Amino acid sequence: MLLIDLARTSAAVAADSARLAKVRHLAELLGRVGPDEAEIAIAYLSGELPQRQLGIGWAGLRDLPDPRLAATATLHQVDGLLSRIRAQSGPGSQNARKALVTELFAALTGPEQTFLSRLIRGELRQGALDGVMIEAVAKASGAPTAEVRRALTLRGWLPAVGAAALGGGVEALRAFRLEVGRPVAPMLAQSAPSVTAALEKLGGPAALEWKLDGVRIQVHRSGDEVSVFTRTLDDITAQVPEVAEAVRALPSRDLVLDGEVIALRPDGRPEPFQVTSGRVASRADVAGARRTSPLSVFFFDALRVDGADLLDLPGEERHAALARTLPPELVTPRLVTGDAASGEAFFAEVVRGGHEGVVVKALQSPYAAGRRGAGWIKVKPRHTLDLVVLAAEWGSGRREGRLSNLHLGARDPAGGGFVMLGKTFKGLTDELLAWQTERFLALAEGPADDWTVVVRPELVVEIAFDGVQRSSRYPGGMALRFARVIRYRPDKTADQADTVETVRALMP
DNA sequence: TTCCGACAGTGGGGTCGCAAT
DNA sequence: ATTGCGACCCCACTATCGGAA
C-alpha cells in the first residue's frame, strides 16, 4: 500500500465531521490493507508511529524539501526510513536525522508531506485517534467493539490489536491476556468540584483515597523480576529502585499493582511535584538522587495477585486482595463512606496534610483500563485570583484567527507594573474567544512578535488554578499550575487586581 | 425529544538528556 | 558552558457526535 492512500483517507476523515463517516472511511481502508502493512496503517491513521518517538519534532521538520509530483512511496519504505531516523544516536546524530528527514520528504508529494509531518508532530487533526480507530477496526474485522476494546486494554497498543483483529477476528482478540511484564493501559479518573458532588454522582457509599501529587506507576512482578511503568507505559524501573525493592520484599511473587510514587519530606509532607518529577526523569546518578530525595510508594489497586486476574472484579474485591497482599504502609490511605459530611472532612484533612486531594471510587466498578471511566472521580481544591491580561497569542487549528492564549499578570504595587505568572488558553468558549479577539485588538499596543499581541493592561480576568510553583521562566520566580479562565471581570479595573504578594503567600 | 458519555483538540509549566554551538 | 530541542511528567476545559433515556 502507498502512503498516498493513507493521506487521502486521512483527508477524507478530516473532511467529514460525523464520527460514523470517519469510521466508514477508516474501515474502508483497513479492508484494503495487506496483513504485513496493517500495523503501520492503523498506527499512522490513529496518529501514532510504530517507532513511538523519532527524535524529530517541530524544529526538525522546518525547511522541508520541495514535494515531487508522483506518489510512489510505500508504507514499508516510509516505515523503514523512520526506523533509521530513530536508530541514530551519538555525536552527529541530530544532523544525520535531519539528512534522513530531507531524504524521506524529498520522495513525497505535497499531500503526503502534509500528512507525514502532522503525524510526526503528533497533530494529525483529522478528528480521529484511538477512540475512532477502535470502531473502525471493529467494523472492518467484524468483531464487536467491546472485544477490540478489551484486547487493547490488555495489550496497550492498538496497531497490534487491530492487525490481529483484521487477521484472525474475534478469536485472535480473545487470545490477548493480561501478561506479567507487559503494561496495561491505566484506568483514569473524571473530576468533580467537591466530594459531595462526587458521592452524588456515584449514588451511594464510595471509597475515598488520598490523591498524591506524584507520578502514576504500574508495577509488574514475576519471581524476582520487577518492572515499573508510567502512565504512558514507559519503563522507569532503573530510575525508581525504591519501588522494585519494596515490591521484591513482598511474599507474593506474581503481581500487577497500580499506584503512585512520590518524594516525601522527613515529616511526611509531600515535596513539590517538581522534585518527584525530577527523580523519575533522571537516569544519571540515581543513587545520589535517592539520598537527596528518597521516593515513597503507595498502591491503590491490584490487577493480578498470585495467578488470579482481578481486572473484572468489583473495586472493593480488588482492594481486599491488595490489602491482604501488602503491608498497610504501602497502601494508599482511604476511607469508605456514603456520608457527605465525613467525606468532606476527610478531604479537608488530606489537603491540610499538603496532598493534592482525593479520588472517590465506586465500590463496584471493574478496572476500566485506558478509559476515563465513571467509576473514579478526583476532587481537588481550587484557588482563584483576579489577574490582568498582558498579551495574547494567536491560536491554531480550530482557534486560527482568534486570539487565544492569554499572558496573565499580577499587580506589583512596589514596581508599579505587573508581573507575569503564566499563560492560559483553557476555559474559553467560542463566544468568549470571538469577544476577546475583538477587544484585544482594540487594546493592542503592537505585536511583540508574529504570534503575540501585547495589550494595554486593562482587562481583569478571574483565573482558577491548582497552586503556585517555583519558576525559573517568569520574573517573579513563580508560576501558576493548571491556570484556566473562569470569567472576565468587567466590574473590576486593573488597579483592583490581585497582587504578587497575594500570590507569593500561596507558595508552599 | 432531550440528555449525557466519550472523544478530540488546544494548548499550559517543569524536568531531564543530549547534540549543536 | 550554554542553548535549543525532544520526550515525558503533571494536566483543564469546550465542542461535538451519537447512543441512551
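In the text below, chain A, chain B and the rest are named by the order of the sequence lines, each starting its count at 1. For clarity, every value in this text was computed on a predicted model and none was experimentally measured.
Remark: A:Q274 is not in phosphate contact with C:dC9, judged by side-chain N or O atoms under 4.0 Å from OP1 or OP2. Proximity of A:R399 to the phosphate of B:dT10: no side-chain N or O atom is located under 4.0 Å from OP1 or OP2. At the phosphate of B:dA8, neither OP1 nor OP2 sits under 4.0 Å from any side-chain N or O atom of A:K22. The shortest distance between the side-chain N/O atoms of A:R231 and the OP1/OP2 oxygens of C:dC10 is below 4.0 Å. The side chain of A:T232 places an N or O atom within less than 4.0 Å of a non-bridging phosphate oxygen (OP1 or OP2) of C:dC9. OP1 or OP2 of C:dC17 lies within a sub-4.0 Å distance of a side-chain N or O belonging to A:S17. Between A:R484 and C:dC13 there is a side-chain polar atom (N or O) within less than 4.0 angstrom of OP1 or OP2. For the OP1/OP2 pair of B:dC16 and a distance below 4.0 Å, the side-chain nitrogens and oxygens of A:S282 include no atom meeting the criterion. Considering only side-chain N and O atoms, A:S404 lies nowhere under 4.0 angstrom from the phosphate OP1 or OP2 of B:dT10. Phosphate contact (OP1/OP2 of B:dA19, side-chain N/O of A:N95, threshold under 4.0 Å): absent. An OP1 or OP2 oxygen of B:dT15 is reached within less than 4.0 angstrom by no side-chain nitrogen or oxygen of A:R279.
Nearest approach of A:S404 to A:L433, heavy atoms of both residues: CA-CD2, 4.0 Å. Listed here is the closest heavy atom pair of A:F347 and A:G357: CE1-CA, 3.9 Å. Residue A:E344 comes nearest to A:V195 through the heavy atom pair OE2-N, 3.3 Å, listed as atom of the first residue, atom of the second, then distance.
Side chains of A:D258 and A:Y367: a donor on one and an acceptor on the other come within 3.5 Å. A:E209 and A:T332 are not linked by any side-chain donor-acceptor pair at a separation below 3.5 angstrom, with hydrogens and angles left out of the test. In summary, the side chains of A:H25 and A:D16 do present a donor paired with an acceptor at a separation below 3.5 Å, with no hydrogens or angles considered.
Atom CD in A:Q239 sits about 17 Å away from atom P in C:dA7, given to the nearest Å. B:dT15 atom P lies 18 Å from atom CZ of A:R283, rounded to whole Å. Taking atom CD on A:Q436 and atom P on B:dG11, their separation rounds to 12 Å, with Å as the unit. Spacing between atom CG of A:N405 and atom P of C:dA12 amounts to 17 Å, rounded to whole angstrom units. One atom, CH2 of A:W394, and another, P of B:dG11, lie 13 Å apart when rounded to the nearest Å. In this structure, A:R398 atom CZ and C:dT14 atom P are separated by 12 Å, rounded to whole Å. Rounded to a whole Å, the CD atom of A:E431 is 17 Å from the C1' atom of C:dT16. Straight-line distance from the NZ atom of A:K201 to the C1' atom of B:dG5: 10 Å, rounded to whole Å.
Map A:L129 and A:L480 each onto its nearest nucleotide of DNA chain B; the residue landing nearer the 5' end is A:L129. Along DNA chain B, the nucleotide closest to A:A284 and the one closest to A:F425 are compared, and the more 5′ of them pairs with A:F425. The residue among A:I486 and A:D213 whose nearest nucleotide of DNA chain C lies closer to the 5′ end is A:D213.
Residue contacts for A:K211: at a heavy-atom cut-off of 4.0 Å it reaches the sugar-phosphate backbone alone, with no base atom in range. Note on A:T230: only backbone sugar-phosphate atoms sit closer than 4.0 angstrom, heavy atoms only; bases stay farther off. Contacts of A:T429 with the nucleic acid, taken as non-hydrogen atoms under 4.0 Å apart, involve only primed sugar atoms and P, OP1 or OP2. As judged by a 4.0 angstrom heavy-atom cut-off over every strand, A:S191 is placed among residues making no nucleic acid contact. Residue contacts shown for A:A464 are absent, as no nucleic acid heavy atom lies under 4.0 Å away. Within 4.0 Å (heavy atoms only), A:V215 reaches sugar-phosphate atoms of the nucleic acid but no base atom. As judged by a 4.0 angstrom heavy-atom cut-off over every strand, A:V132 is placed among residues touching the sugar-phosphate backbone only. If you check every strand for non-hydrogen atoms under 4.0 Å, A:Q126 touches sugar and phosphate atoms only. Residue contacts shown for A:K380 are limited to sugar-phosphate atoms, with no base heavy atom under 4.0 Å away.
Electrostatic pairing of A:R399 and A:D430 does not count as a salt bridge here, judged by no charged N lying under 4.0 Å from a carboxylate O. Between A:R118 and A:E123 no salt bridge is recorded (no basic side-chain N to carboxylate O distance below 4.0 Å). Ion pairing between a basic and an acidic side chain is recognised when a charged N comes within 4.0 Å of a carboxylate O; A:R265 and A:E271 show no such pairing.
Closest contact between the side chain of A:S277 and the listed nucleotides B:dG12, C:dC17, B:dG14 involves B:dG14. With distances taken from any side-chain atom of A:R149 to the nucleotides B:dA8, B:dC7, B:dG13, the minimum falls on B:dC7. When each of C:dG18, B:dA19, C:dA15 is scored by its nearest atom to the side-chain atoms of A:L20, the top-ranked nucleotide is C:dG18. With C:dC17, C:dA12, C:dC10 as the choices, the nucleotide that has an atom nearest any side-chain atom of A:K426 turns out to be C:dA12. Here the side chain of A:D234 is nearest to one of C:dC10, C:dA15, C:dC9, namely C:dC9. Among the nucleotides B:dG14, C:dC11, B:dA20, the one closest to any side-chain atom of A:Q94 is B:dA20.
A cation-pi arrangement, defined by a distance under 6.0 Å to the six-membered ring centre and an angle within 45 degrees of its axis, is present between A:R481 and A:F273.
Checked against the 6.0 Å centroid criterion, the rings of A:Y488 and A:W435 qualify as a close aromatic pair.
Shown here, B:dC7 forms no base pair; nothing in the strands shown gives a Watson-Crick or G-U wobble contact with both key distances under 3.5 Å.
Shown for residues 52-62 of chain A: residues whose heavy atoms fall under 4.0 angstrom of DNA chain C, namely A:Q53, A:L54, A:G55, A:I56, A:G57, A:W58, A:A59, A:G60, A:R62.
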